[in-house]
Amino acid sequence: MAMATLRQLEYLVTVVDLGSFTRAAEHLHVTQPALSHQMRALETAVGGPLLERLPRAVRLTPMGRAVLPHARAALAEAERLHRVARRTAGLEEGEVEVAAIYSVSLGILPPVLRAWRGRHPGVRIRLREYPHADRLQAAMAAGRADLAVGPVPAGWEGPIRELGVEEFGIVLPADDPLAGSPTGRVALSDLADRAWVHYAPDNGLADLLDQVCTQAGFHPQAAVRAEQTSAAPLLAAAGLGPALVPANIIPPHFDGVLLRPDPPIRRALAAYTRTRPDAITVAFADLLAQQARVNPACFPATAVSQERAAADAPSNPL
């Protein structure tokens, strides 16, 4: 049985994306009969119909829906192979596609990207952001990036490089009665009757907040739901309600107060790839491991010492 070719997979993706054989043929600079012939050959290779031809459109069959993600991933991987070949030939220009969850792109990546630009000015970084770790992992599996940065992925078969453990804090306005805690800590149960600055349902931090509050014996009520992670500490500092945020996203000259939750809330972060990464991706991962400020010292001076914090067992290694 003949194997599907990359060209045939490109034809399938183009027909689906443009919704028409006619438009796809024009885009690919081939005749429509040639395109139809290659699509029939692809269907023969995979063992069944992939597209249903309608009077004014095309629609994927069940087999087509199953094949399409693999076609996209194969094309993305082929493009990366071409880039690796160009780099091996000594070319300094190129591009690294980095995928990250919102909080990582806010709190960890900026200094890394600044350092990368200084060392490799000819290699561009394309950043793709995702609100949830599950969507990040799915995008990486589908071949949409060279490297992903986020929580340690479950069941991942490719290389994983741990970056460290980030710590979460509770943001309160400076005039809140609990803001002057002598230990720099606050128990989640002390905030059970508050309305929170929550997150939009598709933001992974919404799941985390619900989970840790459930463990503390209550369900957090939402005063407002933030679409962007960066908005949560600002809304909390303005008095709309407490917010659970990664400590590393707190901006300089912050008007609110950041307290450690008791017990602490932490999660491990990692950089991971699908396959054996090329030299440029490895270089970026090395710089990321060196420069990433996963858990900066941004808690109040009244908080417990670093030695005690290090001795605390992570209650939520998410």
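The figures here come from the full heavy-atom set of this structure, side chains too, leaving out hydrogens, waters and symmetry mates.
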Stepwise side-chain contact (heavy atoms from CB on, under 4.5 Å) test for V98 and L113: CA-CA 11 Å; V98 177; L113 297 179; 5.8 Å; no
Give the C-alpha distance, both sets of side-chain angles, the deciding distance and a yes or no for side-chain contact (heavy atoms from CB on, under 4.5 Å) between I101 and T229. CA-CA 10 Å; I101 55 172; T229 304; over 6 Å; no
Test R194 against L172 for side-chain contact (heavy atoms from CB on, under 4.5 Å), laying out the working first. CA-CA 11 Å; R194 304 283 190 97; L172 296 172; 4.2 Å; yes
Stepwise side-chain contact (heavy atoms from CB on, under 4.5 Å) test for L136 and V149: CA-CA 8 Å; L136 172 70; V149 189; over 6 Å; no
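Annotation: side chain of H198 is in contact with side chain of D210 (closest heavy-atom distance under 4.5 Å). The shortest side-chain heavy-atom distance between S181 and V257 does not fall under the 4.5 Å cut-off. Contact check for L6 versus L75: side-chain heavy atoms found under the 4.5 Å cut-off. Two residues are said to be in side-chain contact when any heavy atoms from C-beta on lie closer than 4.5 Å; L42 and V46 meet this criterion. The side-chain heavy atoms of N203 and Y102, taken from C-beta on, include a pair separated by under 4.5 Å. A heavy-atom distance below 4.5 Å is not found between the side chains of D255 and L234. Inter-residue side-chain proximity for V96 and H120 is flagged as unmet; no heavy-atom pair is nearer than 4.5 Å. For the pair L188 and I170, the minimum side-chain heavy-atom distance is below 4.5 Å.
R40 and E43 are not joined by a salt bridge, as no carboxylate oxygen comes within less than 4.0 angstrom of a charged side-chain nitrogen. Taking 4.0 Å as the cut-off between side-chain N and carboxylate O, R72 and D17 count as a salt-bridged pair.
Listed for the R161 side chain is no donor-acceptor partner under 3.5 Å among the backbone atoms of A271. Of the possible donor and acceptor atoms, one in the side chain of Q137 sits under 3.5 Å from a partner among the backbone N and O of A154. A side-chain donor-acceptor contact under 3.5 Å links T61 to the backbone of P49. Without hydrogens or angle criteria, W116 side chain to V123 main chain gives a donor-acceptor distance under 3.5 Å. Between the R225 side chain and the Y199 main chain, a donor and an acceptor come within less than 3.5 Å of each other. At distances below 3.5 Å, not a single donor-acceptor pair connects side-chain atoms of R267 with backbone N or O atoms of I265.
We find the CZ-CG distance between R274 and D146 to be 7.5 Å, quoted to the nearest 0.5 Å. Between atom CG of residue N248 and atom CD1 of residue I108 there is a gap of 4.5 Å, rounded to the nearest 0.5 Å. Separating the CE atom in M39 from the CG atom in L50 is a distance of 5.5 Å, to the nearest 0.5 Å. In this structure, CG in L191 is found 10.5 Å from CG in L244, a value given to the nearest 0.5 Å. Between the CG atom in L258 and the CD1 atom in I249 there is a gap of 9.5 Å [rounded to 0.5 Å]. Taking CZ of R124 as the start and CZ of R117 as the end, the distance is 14.5 Å to the nearest 0.5 Å.
Under the 4.5 Å side-chain contact rule for hydrophobic residues, W156 and V282 do not share a cluster. Side-chain heavy atoms closer than 4.5 Å link hydrophobic residues (I, L, V, M, F, W, Y) into clusters, and following such links, possibly through other members, connects I250 to L209. Connection of L127 to Y272 is established within a shared hydrophobic cluster, with ILVMFWY side chains joined at heavy-atom distances below 4.5 Å, either directly or through further cluster members. If you chain together hydrophobic residues whose side chains sit under 4.5 Å apart, L259 and F254 fall into the same group. Note on Y11 and L9: same hydrophobic cluster, where clusters join Ile, Leu, Val, Met, Phe, Trp and Tyr whose side-chain heavy atoms are under 4.5 Å apart, directly or indirectly.
Shown here is E77, whose CD atom has more than 12 heavy atoms of other residues, nucleotides or ligands within 6.0 Å. The number of heavy atoms from other shown groups lying within 6.0 Å of CZ (R53) is above 12. Other residues, nucleotides and ligands contribute only 12 or fewer heavy atoms inside 6.0 Å of the CD atom of E157.
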Taking only distance into account, with no hydrogens and no angle test, what donor-acceptor pairs under 3.5 Å do side-chain atoms of residues 18-35 form with protein atoms, sequence neighbours excluded?
unit_1 : atom_1 : unit_2 : atom_2 : d
S20    : OG     : T22    : N      : 3.1
S20    : OG     : R23    : N      : 3.2
T22    : OG1    : Q32    : OE1    : 3.1
R23    : NE     : L18    : O      : 3.0
R23    : NH2    : L18    : O      : 2.8
T31    : OG1    : A34    : N      : 3.2

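Across every non-hydrogen atom of G143 and A76, the tightest pair is O-CB, 2.9 Å. Between A45 and A4, the closest heavy-atom pair is CB-N, 4.0 Å.
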